[in-house]
Amino acid sequence: MLLVAVGFIFHLLLLKDVGAVAGAQDTISAAQSVTGDQTIVSAGGNFRLGFFKPGKASNYYIGMWYNKISSQTVVWVANRDKPVKDRFKSVLRLLNGNLELLSESGVSVWGTNLPTNDSDDVRAVLLDNGNFVLKHGGRVSWESFDFPTHTWLPGSKVGLNKVTNTTQTLTSWRNSEDPSPGLFSLELDLKGTNQYFIQWNRSERYWTSGPWNGQIFSLVPEMRLNYIYNFSYVSNEKESYFTYSVYSNLTTSIFIMDVSGQIKQLTWLESTKQWNLFWSQPRTQCEVYAFCGAFGTCNQDSTTFCSCLKGFEPKSHDDWTLNDYSGGCVRRAPTKCHNKDHDKFLLRHDMRLPVQGESADAKSHEDCQTACLRNCSCTAYSYSQNCTVWVSDLLGIQQFSENDHAGEPLYIRLAASEFPSHSSYGGVLVGLIVAPAVLVIVVAIVFIIMVLRRKQRKVMKGIEGSLVAFGYRYLQSATKNFSDKLGGGGFGSVFRGTLPDATVIAVKKLEGIGQGEKQFRSEVSTIGTVQHVNLVRLHGFCSEGSKKLLVYEYMPNGSLDAHLFYDKAVLDWSKRYQIALGTARGLNYLHDKCRDCIIHCDIKPENILLDAELCPKVADFGLAKLMGREFSRVLTTMRGTRGYLAPEWISGVAITAKADVYSYGMMLFELISGRRNSKEHADGKITFFPTQVIQKIVQDKDGNGDGDILSILDPRLQQNADESEVKRMCRVACWCIQDDENHRPSMAQIVQILEGLLDVSLPAVPRSLQLFADNPDQNVYFSEYSSSQGSRLPNNSSSASDLSHTIKCVSSSKSDQ
């Protein structure tokens with residue numbers, strides 16, 4: 001008995017020693033294990049492995065997470081679909097040359113499943129790059145990098161083993177508290193097309209990277225902007241895979257297949273203790289296939305994204321609380337096919353039609369409805385010249401806003417009980433008694449409203465959302481008959497005004513707009529919903545016949561050009577840097593945070609206004625959309641802002657948000673120098689400031705100061721500036737004006753660079769700048785752009801094809817003054 005007790009105590013002491021050793025080292029040997037709260041930590045302290053419980057879940061998993069990050073971020077899970085209940089009775093150990101996880105009942109729930117090996121020299125080691133490896137002697141026989149879960153760490157692969165025809169696949173968690181495999185996955189195309197797909201339920205592809213072209217994936221141009229990441233693709237006879245590394249060891253980065261159905265690249269920001277989104281695809285949540293499940297609708301303008309159609313409710317309220325909408329919605333009342341109280345249809349005009357509809361033989365709307373009613377499995381139909389019916393769950397429904405006008409009619413089948421009943425005798429009797437009284441009240445209300453509206457028109461025309469519909473005479477009085485002109489541009493002139501409550505306003509009279517009343521109000525309402533600290537706020541509008549006016553908040557410090565090029569007070573470097581950052585934030589909001597991407601089309605110092613605290617606010621951001629792109633293009637080309645035009649504007653190709661990035665870059669050069677980018681001298685020669693900047697950057701490529709970057713600053717600053725900020729802004733400006741729009745950063749990336757969250761590498765020299773630098777003595781000048789006349793070239797110059805690109809990117813300051 002004494003021997004048994006001694007043996008038991010010795011066993012407890014052994015377990016205690018094992019736990020201490022396991023917790024202090026990066027290795028599990030044959031004599032060690034991990035159980036309870038024991039963990040192992042990689043040699044450099046980057047990663048920790050042990051049992052964890054996600055959120056408020058009751059289950060435990062063996063997983064790996066960042067050790068130095070305050071917010072537990074799990075990057076790999078062993079038993080993701082077979083959790084254990086009691087971590088103190090479960091154990092991760094080595095057995096017969098394999099790693100094995102035993103549950104509280106002693107059942108193996110996970111293992112490496114290698115051929116049995118009785119070698120004594122077997123170890124499991126957690127490496128500092130996040131790879132958990134099993135070694136037999138000096139040979140790695142198994143590694144977690146070959147079996148990723150939802151996270152793709154730097155140095156690991158996502159690819160295809162051509163020998164075994166197996167893939168390394170990223171699969172999302174089911175929800176934030178359940179790491180079991182979810183519906184969304186990323187994998188390389190098994191057909192060998194060298195592109196990646198995101199799939200729903202391993203069957204429906206809803207995003208592709210595009211094929212690899214030797215440098216990037218064709219539909220992921222962000223890969224060129226490798227400020228943090230170095231991407232590479234390998235393909236040989238045995239395998240094809242994509243991998244990446246991080247330039248700086250100080251940067252913590254992960255790539256995940258998120259529960260949202262989007263792939264996301266994240267970097268850790270220690271100052272805010274949060275993961276910062278660097279890049280994601282698909283771009284918007286509602287582009288993810290069937291994100292809201294069956295009979296669920298996705299609304300990009302909603303903070304929760306998903307809701308159920310009328311007559312439906314979430315299948316699992318608990319799952320929806322965890323942002324897991326995959327279960328979708330179920331009917332509150334079953335349909336009654338062939339019943340005399342037949343089903344009815346709910347009409348929705350604001351929907352994108354569901355996927356997987358079937359054509360039906362019907363020549364009219366009534367025939368289409370009858371075809372759906374005859375099929376008990378039919379859940380909805382749509383008729384617009386042709387009849388389409390759905391005989392299964394409705395998936396991929398997207399709800400548009402009221403002002404979008406992009407939806408198509410969708411008739412959703414519901415039980416008759418979901419509609420108000422009008423057959424009750426009591427209801428009829430009550431209706432006969434109440435109707436006359438209601439009619440009298442309605443007539444009285446209509447009369448009162450008409451009287452009030454008639455009075456109100458003398459001052460202003462009602463409220464539409466948060467925008468005031470002003471009367472023209474009212475604004476004419478507020479601006480003293482438009483006598484105090486603040487400025488003007490391609491879209492019209494701006495006048496100062498004052499409201500009766502002493503609020504100062506800026507009123508823009510739009511010129512040449514021919515939209516109808518309803519369309520104009522719809523467009524303005526859309527612009528009015530855009531709110532950001534770095535965007536000028538729209539107070540209201542006026543639309544009376546051909547008179548179209550917009551009423552903005554007044555900016556007491558005027559526009560940026562007055563401070564840079566004229567006699568206003570000199571902006572110090574700190575103010576200039578904050579103006580650059582604030583402008584970038586405003587444009588990022590327009591490009592990525594609004595329901596639709598809004599391309600400004602006319603970024604220049606004249607359209608950056610400054611409030612009382614010199615906070616920058618982008619102005620005229622909705623006018624390109626309001627006026628129509630083709631019209632604004634003519635205005636932009638012909639009315640003095642050619643120095644900010646991206647090459648694609650003049651070449652006639654489709655315009656994207658990268659056109660704004662180019663204009664923003666040109667504006668940054670002027671913010672740095674305090675003068676227009678191009679200057680014509682008395683001898684007719686033109687100097688172009690961006691070429692000076694790129695020369696300084698190239699000279700100082702090693703960061704040793706050879707470029708003397710401060711010498712290019714506005715002379716009024718007397719080189720009083722943060723040199724690192726000047727270099728950063730110069731590099732950003734040069735990246736922005738790359739000839740190929742795919743080489744330019746997004747505004748989101750520019751914000752992160754200026755905030756110091758991302759490093760920016762040495763930019764390539766744009767061909768247009770190189771040509772200009774190689775021909776400094778040539779007289780390059782411009783005529784008005786015309787498709788028939790073209791641009792004039794200097795004598796003894798290269799051919800028109802050689803210098804046409806240069807000419808498009810360079811302009812005289814005359815037209816801008």
Side-chain angles (χ1 to χ4, degrees), residues 172 174-175 182-184 198 200-201 203-204 206-207 258-262 280 282-335 343-358 368-369 372 377-384 388-415 417-419 522 525-526 529 593-597:
S172 66
R174 186 171 180 270
N175 58 53
L183 286 172
F184 308 108
I198 302 181
W200 174 86
N201 204 26
S203 59
E204 295 289 339
Y206 60 88
W207 180 87
D258 194 54
V259 295
S260 67
Q262 297 169 294
S280 67
R283 182 176 175 180
T284 63
Q285 184 63 75
C286 290
E287 292 179 60
V288 175
Y289 181 87
F291 177 68
C292 297
F295 303 105
T297 64
C298 190
N299 185 350
Q300 196 63 42
D301 294 335
S302 171
T303 56
T304 56
F305 292 114
C306 290
S307 60
C308 290
L309 291 169
K310 177 180 172 58
F312 294 80
E313 60 185 2
K315 184 175 181 180
S316 171
H317 290 277
D318 291 339
D319 288 345
W320 279 50
T321 301
L322 297 172
N323 297 327
D324 175 15
Y325 308 103
S326 59
C329 309
V330 293
R331 293 183 183 276
R332 287 199 297 255
T335 56
D343 305 325
K344 297 183 179 181
F345 291 90
L346 174 69
L347 171 61
R348 294 293 298 266
H349 281 289
D350 55 348
M351 297 292 187
R352 172 179 290 168
L353 296 184
V355 296
Q356 298 177 338
E358 301 178 3
C368 189
Q369 183 180 100
C372 185
S377 300
C378 182
T379 53
Y381 76 92
S382 178
Y383 187 84
S384 179
T388 305
V389 297
W390 286 264
V391 294
S392 58
D393 293 343
L394 302 184
L395 295 172
I397 309 174
Q398 183 175 344
Q399 180 177 342
F400 297 109
S401 69
E402 294 181 359
N403 296 321
D404 199 296
H405 307 298
E408 298 182 60
L410 177 66
Y411 294 84
I412 303 159
R413 187 175 190 165
L414 296 176
S417 59
E418 291 290 343
F419 296 87
S522 175
S525 296
T526 300
T529 61
K593 303 301 173 63
C594 296
R595 178 178 55 80
D596 293 321
C597 172

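Every heavy atom of this structure was used, including side-chain atoms; hydrogens, water molecules and symmetry mates were not. From a predicted model like this one, the values you see are computed outputs, not experimental measurements.
Atom CZ of Arg413 is separated from atom CG of Leu309 by 15.0 Å, given to the nearest 0.5 angstrom. Atoms CD and OG1, on Glu358 and Thr388 in that order, are 10.0 Å from each other to the nearest 0.5 Å. Note: Leu353 CG to Leu394 CG = 10.0 Å, rounded to the nearest 0.5 Å. Taken from OG1 in Thr304 to CG in Asn299, the straight-line distance is 8.0 Å, to the nearest 0.5 Å. The OH atom of Tyr289 lies 5.0 Å from the CH2 atom of Trp200; values are rounded to the nearest 0.5 Å.
Each salt bridge (charged side-chain N to carboxylate O under 4.0 Å, His left out) pair with one or both residues in residues 305-319, not counting sequence neighbours, appears once here: Arg174-Asp319. Residues in residues 326-335 take part in these side chain to side chain donor-acceptor pair (under 3.5 Å) pairs, two or more places apart or across chains: Asp324-Ser326, Arg332-Glu418.
Ile397 and Pro354 make their closest contact through CG1-CG, 3.8 Å (heavy atoms, listed as atom of the first residue, atom of the second, distance). Minimum heavy-atom separation, Phe312 to Leu414: CE1-CD2, 3.6 Å. Contact between Ser382 and Pro409 at its shortest, heavy atoms only, is OG-O, 2.6 Å. Residues Ser417 and Ala333 approach most closely at OG-CB, 3.6 Å, considering heavy atoms.
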> Are Gln399 and Met351 close enough, and set up right, to give a side chain to side chain contact (heavy atoms under 4.5 Å, CB included), and what steps lead you there?
Replying inline: CA-CA 5 Å; Gln399 180 177 342; Met351 297 292 187; 4.1 Å; yes

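Taking the side chain as every heavy atom from C-beta outward, Leu410 and Trp390 approach each other to under 4.5 Å. With a 4.5 Å cut-off on side-chain heavy atoms, Thr379 and Asp393 do not count as touching. Residues Ser307 and Thr297 have side chains in contact (heavy-atom distance under 4.5 Å, counting atoms from C-beta outward).
For Glu287, the side chain to side chain contact (heavy atoms under 4.5 Å, CB included) partners two or more places apart in sequence, or in a different chain, are Pro282, Arg283, Thr284.
Per the SG-SG cut-off, Cys298 and Cys292 are not bridged by a disulfide [distance not under 2.5 Å]. Remark: SG of Cys378 is found under 2.5 Å from SG of Cys372.
Under the ring-ring contact (aromatic ring centres under 6.0 Å, His included) test applied with Tyr325, the options Phe184, Phe305, Phe295, Trp320 reduce to a single match, Trp320.
In this structure, the side chain of Gln356 does not engage the main chain of Leu395 through any donor-acceptor pair within 3.5 Å.
Using cut-offs of 30° and 60° for the angle between ring planes, the Phe345 and Tyr381 rings count as perpendicular.
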